[in-house]
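Everything below concerns the one structure shown next.
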Amino acid sequence: MKTRITQLLGIRHPIIQGGMAWVAEYHLAAAVSNAGGLGIIGAASAPPEVVRTQIQEVKKLTDRPFGVNVMLMNPNAPEVAQVVVEEGVPVVTTGAGNPGKFIAMWKEAGVKVIPVVASVAMAKMMERAGADAVVAEGMESGGHIGELSTMALVPQVADAVRIPVIAAGGIADARGFAAALMLGADAVQMGTRFVTARESIVHANYKERIVKAKDIDSEVTGRSTGHPIRVLRNQMSRDYLKMEKAGASFEELETLTLGSLRKAVMDGDVKGGSLMAGQIAGLVKQENTCEEIVEEIINGAKELLNRHFE
Ligand code: TUI
């Protein structure tokens, strides 16, 4: 399947893996790229030299294009931005902020730049700043989210910019993929589905929570702090929301979230850990390899899109 995104990035299938903190390490990124999509290393809050090692490791496992996600709330973001250039990373996505000050430097180094946006205004600003494409991410997504749903955001962004749009939020199968194309997207980005991938290093307890999740099992913490985060409901999210309702300060709430994603991903602490996942978790029924996921979606979409012409 050819779209403006497969052509821009030199990949076979227009499927991109989200740059998820702790989850998106080099094994997962290499598996997605080897399956014909775009695998992404999530730099999150990792020190720059750890990100460099991750990049060097992914290069050993795949000859295909891959990306790095730079999380802009990370105080080390400028150093990570520099590592991306030094290591000749082909694609950068950004999240949780405005990457404007890094775009010129990445473009000069030949890096393809794809900011994640949650509004039309941000998408237009990124196009003007020289972005190659944008990810339009709806609030169905796991982790740090904006206000609009994918269904409303993607077509409005697609109408507002000329660069290609990648849809994200609430997509985990061929139906979501086909729908995203109909909304004007040239590719999709998926997170939750890849958390449960066989090649994902995420603790089995966390994967099991996603596989067993129902449609209504996620909730959003941190709305009052200006950092809304979608997670699967557990002891941690209940405690957080209780404290938030009682008017706890940002600092008090931070003590609860600090390190909590690591606890979920690495230790499998599904009670006290932060189980970031999207609303589509209820649709994810089993662990699959990245190749199975990509093939299922592309073959399924071919069938779905042809059906209407018979
Ligand atoms: O970045 C994400 N999702 C994330 S980052 C993350 S790590 C984290 N952990 C704890 C606290 C905070 C972050 C977990 N999940 N998605 C991309 C995304 N970016 N969604 C929304 C945005 C966004 C929001 C505002 C992008 C730009 C923006 O602009 C605001 C501005 O600076 O003008």
Side-chain angles (χ1 to χ4, degrees), residues 16-25 40-46 51 67-77 80 92-103 113-129 131 133-150 152-154 157 161 165-171 188-192 194-195 202 206 218 220-232 236-237 240 244 250-251 253-265 273-279 281:
I16 293 165
Q17 168 236 317
M20 301 162 284
W22 285 102
V23 175
E25 50 70 73
I40 293 195
I41 292 165
S45 313
V51 179
V68 171
N69 175 271
V70 178
M71 210 274 280
L72 296 162
M73 281 169 55
N74 178 4
N76 285 332
V80 174
V92 168
T93 65
T94 64
N98 182 347
K101 62 180 177 206
F102 304 121
I103 293 182
V113 180
I114 310 183
V116 177
V117 301
S119 70
V120 165
M122 193 70 180
K124 284 170 130 171
M125 196 193 295
M126 292 300 100
E127 177 174 58
R128 275 199 303 276
V134 288
V135 176
E137 189 185 276
M139 49 72 84
E140 295 93 323
S141 302
H144 182 84
I145 54 172
E147 296 277 351
L148 291 177
S149 67
T150 302
L153 178 66
V154 172
V157 170
V161 298
V165 176
I166 299 160
I171 302 166
V188 300
Q189 176 181 278
M190 299 194 301
T192 304
F194 285 121
V195 174
V202 169
Y206 190 163
S218 81
V220 179
T221 62
R223 286 201 199 273
S224 70
T225 69
H227 299 295
I229 304 266
R230 184 179 300 284
V231 294
L232 295 179
M236 176 345 245
S237 70
Y240 189 107
E244 205 177 348
F250 180 66
E251 288 71 26
L253 291 166
E254 272 299 87
T255 60
L256 211 62
T257 43
L258 229 59
S260 61
L261 180 61
R262 188 197 173 282
K263 275 199 272 182
V265 172
S274 174
L275 298 169
M276 294 187 192
Q279 290 183 335

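By convention here, the first residue in the shown sequence is residue 1. First listed ligand is number 1; within each ligand, the first listed atom is number 1.
Remark: among candidates His144, Arg230, Glu147, the nearest residue to atom 5 (S) of ligand 1 is His144, based on non-hydrogen atoms. Closest to atom 16 (N) of ligand 1 by heavy atom, among Glu137, Met126, Met71, is Glu137. When Val116, Val231, Thr221, Thr93 are ranked by how near their heavy atoms come to atom 18 (C) of ligand 1, first place goes to Val116.
Scanning the protein for heavy atoms near atom 29 (O) of ligand 1, the closest one is Met122 CE, 3.7 Å. For atom 32 (O) of ligand 1, the closest non-hydrogen atom on the protein side is Asn98 N, 3.6 Å. Met276 CE, 4.1 Å is the protein heavy atom nearest to atom 9 (N) of ligand 1. For atom 10 (C) of ligand 1, the closest heavy atom belonging to the protein is Ile229 CD1, 3.8 Å. Distance from atom 22 (C) of ligand 1 to its nearest protein heavy atom, with residue and atom name: Ala96 N, 3.8 Å.
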Run the side chain to side chain contact (heavy atoms under 4.5 Å, CB included) test on Val134 and Glu127 for me, step by step, so that the C-alpha distance in whole Å, both residues' side-chain angles and the decisive distance to 0.1 Å come before the verdict. CA-CA 8 Å; Val134 288; Glu127 177 174 58; over 6 Å; no
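Of the heavy atoms in Met20, none comes closer than 4.0 Å to ligand 1. Only the side chain of Met73 comes within contact range of ligand 1, with a heavy atom under 4.0 Å; no backbone atom does. With a heavy-atom cut-off of 4.0 Å, Leu261 does not touch ligand 1 at all.
Under a 4.0 angstrom heavy-atom cut-off, Gly97 registers as being in contact with ligand 1.
In this structure, the side chains of Glu254 and Thr225 stay at 4.5 Å or more apart for every pair of heavy atoms. Between Ile16 and Phe194 the shortest side-chain heavy-atom distance does not fall below 4.5 Å.
Shortest non-hydrogen contact noted between Leu232 and Ala277 is CG-CB, 3.8 Å. When all heavy atoms of Met73 and His144 are compared, the closest pair comes out as SD-CE1, 4.3 Å. Residues Ala131 and Pro115 come closest through the heavy atom pair CB-CD, 3.6 Å.
Atom CE in Met276 sits 12.5 Å away from atom CZ in Arg230 (nearest 0.5 Å). With rounding to the nearest 0.5 angstrom, the CD1 atom of Ile229 is 12.5 Å from the OG atom of Ser218.
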